[in-house]
Amino acid sequence: AFDVRIASSGRTYTIPAGRTVVQVLADHGVDVPVSCEQGVCGTCLTRVLDGVPEHHDLYQTEEEQAANDQFTPCCSRAKSALLVLDL
Ligand code: FES
């Protein structure tokens with residue numbers, strides 16, 4: 001599990017194994033637009049302000065993934081204990 005913090009509200013949510021960031025945020029009324037939910041389309045691409053994502057998308061280039069300043073919360077996770085998202 002890892003935590004995500006929403007920058008605008010300061011709220012932090014725990015993402016357990018087996019659930020996606022998008023799913024957990026939706027449970028709490030934070031809606032991220034999605035389409036493919038498989039890391040292909042880029043619709044859900046979200047800026048990461050702090051922390052290190054674990055990318056599982058096919059949308060970004062290797063260079064974009066390595067910058068670690070955005071990720072696809074429909075399928076990607078975190079290497080760090082916390083991600084701060086620009087939402
Ligand atoms: Fe398509 Fe996340 S919804 S990449």
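First listed ligand is number 1; within each ligand, the first listed atom is number 1.
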| field | Separation of Gln65 CD from Gln70 CD (nearest 0.5 Å) | value | 9.5 Å

| note | Sorted by chain and number, protein N/O/S atoms nearer to atom 2 (Fe) of ligand 1 than 2.8 Å are Cys44 SG, Cys74 SG

| field | Test item: Thr72 side-chain N/O and Cys75 main-chain N/O as donor-acceptor pair under 3.5 Å | value | no

| task | For His56, enumerate each residue passing the ring pair (Phe, Tyr, Trp, His ring centres under 6.0 Å) test, keeping only those at least two apart in sequence or located in another chain. | result | none

Which side-chain N or O atoms in residues 25-50 pair as donor and acceptor under 3.5 Å with protein atoms at least two apart or in another chain?
residue : atom : partner : partner atom : Å
Asp27   : OD2  : Arg19   : NH1          : 2.6
Thr46   : OG1  : Cys44   : O            : 2.7

| remark: Interatomic distance, CZ@Arg11 vs CG@Asp3, rounded to 0.5 Å, equals 14.5 Å

Taking distance alone, no hydrogens or angles, what donor-acceptor pairs closer than 3.5 Å link side-chain atoms of residues 78-87 to residues at least two apart or in another chain?
residue : atom : partner : partner atom : Å
Ser80   : OG   : Val52   : N            : 2.8
Ser80   : OG   : Leu82   : O            : 2.9

